[in-house]
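Heads up: the structure comes next, in structure tokens.
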Amino acid sequence: MAISKGKRKFFHLLSSLVCGTIFGIGLAVSQMVNPQKVINFLDITGRWDPSLALVMFVAVSISYVTYNLTLKRKKPLFDSKFYLPTKKDVDREIFSGAAFFGIGWGMTGLCPGPAFAALGYGSVRVIVFLCAMYIGFFAATHLKFLHSK
Amino acid sequence: MLFENYTPVAALIGGTLIGLSVAFLMYSIGRLSGISGIAQNITTLKLEDFAWRFLFLFGLILGAFISNIFEWGPKEILVTPSDFRILIGGLLVGIGTKIGHGCTSGHGVCGLSLVSKRSIYSVIVFMSCGIGTVYIMRALTNGNF
């Protein structure tokens, strides 16, 4: 089924918007958009709330099956190829990056997705988080001492 | 009562929606739903690279906004840490996700779905650090966290 380049571009963008919206609804319905819910999950010795584990389990299960089916195809519907990570080996950056991320996540209960979604709930405080996050992106990119390259 | 805040049905439905979103993004445009990556790579002058990323992030906000209106999600969002803590935490998340090439959606959902060794290690490390950090914070603030 060949469609025109213009139509493909339109559906390319529409798909992204739809996926983002469903993801946002998913974050809200699962309450992952509420950082307190995340903190309660990480609080394993306190008021442990396993909800996040269930959210991840269900999401991973679905994408595991669908990725396996989808990646057997030649290409996605509206693009020329699948964009998968090229790095395969586990390097130092994986560990240090995850450590920094985990600490920041534990401190705030926020990570990128829910932080954006929280804007949809009118949360003004996440703007501080998002700005700091972008400063962090910039710092990590340009301050070479933070990582190997 | 054990698991006093546990919301299994909400988690099930929400997780399903997230899974479907991730599935369809790959199926339709061949992309991983790693939000830290999407947020990082959006800062580009190439319209092609910018457009779908912008619409995805806009969708995140829109979806949450719709959920807010229809009360599908939490009644309110409690961002309890102080501004200073949010600032430091945000910095660490920014640095960490850039260096470590992913976050909970990137490594946690997409990476695990691909059974990526990198992602498995990443998840183990960030979960441990998250748990450890909350433990320490609760201890330091006497439970008021």
Side-chain angles (χ1 to χ4, degrees), chain A residues 15-17 19-26 28-31 34 36 42-43 49 51 54-55 58-60 62-64 66-67 70 76-77 79 82-83 90 93-94 97-108 111-113 116-117 119-121 123 125 128-129 132-133 136-137 140 147, chain B residues 5 11 13-15 17-19 21-30 35-36 39-40 52 55-56 59-65 67-68 72-74 77-79 86-87 89-100 103-105 109 112-113 118 121-122 125-126 129-131 133-134:
Chain A
S15 301
S16 189
L17 179 64
C19 287
T21 306
I22 295 175
F23 202 115
I25 297 176
V29 168
S30 63
Q31 298 186 34
N34 183 7
Q36 200 57 48
L42 296 171
D43 190 16
D49 176 358
S51 298
L54 184 58
V55 179
V58 175
V60 172
I62 292 175
S63 49
Y64 173 77
T66 54
Y67 272 4
T70 299
L77 284 178
D79 206 313
F82 293 108
Y83 299 85
V90 184
E93 291 182 340
I94 287 288
F100 284 131
F101 168 60
I103 295 171
W105 189 42
M107 282 177 78
T108 59
C111 60
F116 279 105
L119 291 173
Y121 268 77
S123 172
R125 304 198 68 213
V128 177
F129 180 87
M133 184 179 81
F137 290 160
H147 60 118
Chain B
N5 294 310
I13 299 174
L17 290 169
I18 292 173
S21 164
V22 169
F24 191 61
L25 197 70
M26 183 57 75
Y27 186 75
S28 63
I29 68 173
I35 295 169
S36 66
Q40 284 159 24
W52 75 265
L55 286 172
F56 186 88
L60 275 185
I61 302 171
L62 179 66
F65 179 72
S67 305
N68 190 5
W72 292 334
I77 295 185
L78 293 165
V79 184
I86 292 178
L87 195 85
L91 267 171
L92 289 170
V93 167
I95 293 173
T97 55
K98 180 72 184 175
I99 296 177
C103 57
T104 47
S105 58
V109 181
L112 292 185
S113 304
R118 284 165 65 87
Y121 279 109
S122 181
V125 173
F126 74 64
C129 288
I131 289 169
T133 301
V134 169

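Only heavy atoms go into these numbers, but all of them, side chains included; no hydrogens, no water, no symmetry mates. Naming: A, B, ... by sequence-line order, numbering from 1 per chain. Note that the structure is a prediction, hence the values are computed from the model and not measured.
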Open item on the list: Please give me the minimum heavy-atom distance between K98(B) and F137(A), naming the atom from each residue.
Closed with: CG-O, 4.0 Å
Task: Side chain / backbone / both / neither for S123(A) at chain B, heavy atoms under 4.5 Å - done: side chain
Open item on the list: Testing the basics here: between C19(A) and S21(B), what is the closest heavy-atom pair and its distance to 0.1 Å?
Closed with: O-OG, 2.8 Å
- [ ] Any chance you could measure I61(B), atom CD1, to T21(A), atom OG1, to the nearest 0.5 Å?
- [x] 10.5 Å
Task: Distance, nearest 0.5 Å, that separates CG of L25(B) from OG of S15(A) - done: 8.0 Å
TODO: Please report the closest heavy-atom contact between M107(A) and L92(B), naming both atoms and the distance.
DONE: SD-CD1, 3.9 Å
Task: Distance in Å, Y27(B) OH paired with T66(A) OG1, rounded so as to fall on 0.5 Å steps - done: 11.0 Å
Open item on the list: To the nearest 0.5 Å, what is the distance between CD1 on I18(B) and CD1 on I22(A)?
Closed with: 11.5 Å
Task: Spacing of I25(A) atom CD1 and I13(B) atom CD1 [to the nearest 0.5 Å] - done: 12.0 Å
Task: Option that, when pairs with chain A are counted at under 4.5 Å, heavy atom only, ranks first among S28(B), S36(B), G89(B) - done: S28(B)
Open item on the list: Nearest 0.5 angstrom please: L62(B) CG to F116(A) CZ, how far?
Closed with: 14.5 Å
TODO: Mind listing the closest non-hydrogen atom pair of P74(B) and N34(A) along with its distance?
DONE: CG-CB, 4.3 Å
Task: Any side-chain heavy-atom pair of V79(B) and F129(A) under 4.5 Å - done: no
- [ ] For V29(A) and G14(B), work out which heavy atoms get closest and say how close.
- [x] CG1-N, 3.9 Å
TODO: Among G100(B), G30(B), C103(B), single out the residue with the greatest number of heavy-atom pairs under 4.5 Å to chain A.
DONE: G30(B)
TODO: Quick one: which of W72(B), F65(B), F56(B), Y121(B) has the most heavy-atom pairs under 4.5 Å with chain A, could you say?
DONE: F56(B)
Open item on the list: Does any part of the side chain of F101(A), heavy atoms only, come nearer than 4.5 Å to the side chain of T104(B), both counted from C-beta?
Closed with: yes
Task: Atom of M133(A), atom of A39(B) and distance for their closest heavy-atom approach - done: CE-CB, 4.4 Å
Task: Among S51(A), A99(A), G113(A), G106(A), residue most engaged with chain B (heavy-atom pairs, under 4.5 Å) - done: S51(A)
Task: Most contacts with chain A, counted as non-hydrogen pairs under 4.5 angstrom, among S105(B), G73(B), G94(B), C129(B) - done: G94(B)
- [ ] Find the one option among V93(B), I35(B), V22(B) whose heavy-atom pairs under 4.5 Å with chain A are most numerous.
- [x] V93(B)
Open item on the list: At a 4.5 Å cut-off on heavy atoms, which part of S122(B) comes close to chain A: side chain, backbone, both, or neither?
Closed with: both
Task: Non-hydrogen side-chain atoms of S67(B) and Y121(A) separated by less than 4.5 Å - done: yes
- [ ] Indicate yes or no: at least one non-hydrogen side-chain atom of Y83(A) is less than 4.5 angstrom from one of I29(B).
- [x] no
